[in-house]
Structures are given as C-alpha cells and as structure tokens.
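Just so it is clear: chains get the letters A, B, ... in the order the sequence lines come, proteins before strands, and each one is counted from 1. Predicted model only: the values in this text are computed from it and were never measured.
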2 protein chains.
Amino acid sequence: MNIQFKKGVLELCVFAILDNGDCYGYELVNKISENILISEGTIYPLLRRLTNEGYFTSYLIESSEGPPRKYYKITAEGSKVYNDLKDEWHQFVLGVNRVIERGEKN
Amino acid sequence: MNIQFKKGVLELCVFAILDNGDCYGYELVNKISENILISEGTIYPLLRRLTNEGYFTSYLIESSEGPPRKYYKITAEGSKVYNDLKDEWHQFVLGVNRVIERGEKN
DNA sequence: CAAACTATCTTGCACTGCAAGGTAGTGGTG
DNA sequence: CACCACTACCTTGCAGTGCAAGATAGTTTG
C-alpha cells in the first residue's frame, strides 16, 4: 500500500473510532488494520500528540491479559475537530476524483 | 486544506493529467489548482523526479508568451504505474470510508 | 522455565509538500 | 526607454508524518 496516501488520514481514522467510543492503543491498531495496513509505531506517538493537543484524555484500566490498558476518550473539542476533518476528507476525495475523471473523459 | 491529505496524491493527479495528453509544468499547476490547492514549488521537483524515474519524457517548445515551455509526455511504463496507482487510490478511499462509516453506525 | 501473546513505548530515518525566493522572456503603458 | 504585469521555469531548506526496529513488561500455556 502506498505509504504517502496515509499521511494525515490515520489521524482521521483514530478520531472516527474514538468518536464512537473509548479504545486503547492496541485495539485501535487492530480495528484500523482491518481496512488499512498500519504499524504500532505510528499509532502510539499519534495518540500522545493528539492527547497533548487536548483532543483526547486517557485513563488506565487493569487487564487480565497483559499489562494495563490505556484507554483514550475523545473530548468535546476533539469531536469538533473530527467533524471538520471528516468534511475536509470528503471534499478532498471529490477534488481528486474530479482531476482523475477529467483525465479519462477528454 | 489539510496538507497531509495531499501526500502522494499530487503524484496521482499529475499522472492522470499527463495520461490524457502532454502538458507543461505551469499548465499542470493551473489544472490541478482548479480542484486542489497546490504550489509551483511542489510540481517542478515532482516532474523532475518522475522524469528521472522514467515515467515521463520532456521536450521544449518556444512560446510567444514568456520563456519556452517544457512539455512532459507520459511513457508506457508511466501509464502502467498510473493505472496501478489509480486502483490503489480507489481501494484506499474505500478502506478509509469503511473505518469512518463503522464509527458512525455503531 | 521458555515461548507466545498482549500491550505499551521510543528513536531516528525517509519521503513529500510548501514557503520563499530567484531567473528570464514578452507585451503594454507612460 | 523605464516600468510593470504576466507567463514560465527553477532551487533551497524546513516541517510534518508514517515506519522500521527495537525495548519493556505482564499473562498464559506447554
């Protein structure tokens, strides 16, 4: 898979999943991996950054299978940013598809 | 517009336009700009790179409005790469949209 | 005890778009 | 002629992001 396509979009995916309910990092990696190839080394720094920026908060919960899980919860501000980002994404896809389609028709 | 979304996609746009007919750099910038915000400083290095990689060839044509225009023509190999890239793009968009939609439904 | 799995985290690299600039040629206006 | 606007090309260095590779640590199973 083209690495470059993912730039900025993984952030959108993390927002989308957390907007639907709390998750821990490892779980996010698995959920996203169902549709897009992704590495753990990508998600953990991303979660930390977005938490520092105030879009997520985190809390620890003990697990019976491994070390405690760090759950992330989206904030109201994060939810707002997510909606803007999602709109931008759809607009962007439309723009790219127009460029491609025009090339094919003419 | 989110800069990160563009990563790798501008390459796809350049391929798409040249696959439909020869263009010079400035013209490409204008065509793409109709749908996606873009800077000249992005396109020229990109054209050079893809030409070095054998996906485009170039030739000069005198112009009556400014310096000679450097036209780019896509090669057979470039055309092949474009088709693969286009498929990858569509698959990628589907994957991202599935992640987003699942978040909204549940 | 050792392997396999879950789960977290860090470091440094590679790639790509952009801002900010420079260089040149043409055409028009005063 | 001097000046500006426009077309058209190009370069440099920076910023952001994903990844490979690896470290750490707990639990379960053979």
- Taking OH from A:Tyr59 and P from C:dT8, how many angstroms apart are they, rounded to a whole number? 12 Å

- Rounded to whole angstroms, how far apart are CG on A:Leu28 and P on C:dT6? 16 Å

- Kindly write out the residues that satisfy ring-ring contact (aromatic ring centres under 6.0 Å, His included) with B:Tyr24, not counting sequence neighbours, or none if the list is empty. B:Tyr71

- Task: Just jot down the salt bridge (charged side-chain N to carboxylate O under 4.0 Å, His left out) partners of A:Arg49, sequence neighbours excluded, or say none.
- Result: A:Glu11, A:Glu53

- Task: Could you pull out all residues at least two apart from B:Glu34 that satisfy salt bridge (charged side-chain N to carboxylate O under 4.0 Å, His left out)?
- Result: A:Arg102

- Task: Going 5' to 3' through nucleotides 8-20 of chain D, assign each nucleotide B (protein heavy atom under 4.0 Å from a base atom), S (under 4.0 Å only from sugar-phosphate atoms) or - (no protein heavy atom that close).
- Result: BBBB----BBSBB

- Item | Spacing between B:Ile32 atom CD1 and C:dC18 atom C1', to the nearest angstrom | 14 Å

- Item | Separation of atom NZ in B:Lys31 from atom P in D:dT7, rounded to whole Å | 16 Å

- Item | Near-ring test A:Phe56/A:Phe15, centroid separation under 6.0 angstrom | yes

- Message: Using the side chain to side chain donor-acceptor pair (under 3.5 Å) criterion, which residues pair with B:Asn97? Sequence neighbours excluded.
- Response: A:Trp89

- Whole Å only: how far is the CD atom of B:Glu53 from the C1' atom of C:dC15? 12 Å

- Those residues at least two apart in sequence (or on a different chain) that pass salt bridge (charged side-chain N to carboxylate O under 4.0 Å, His left out) with A:Lys73 are A:Asp22

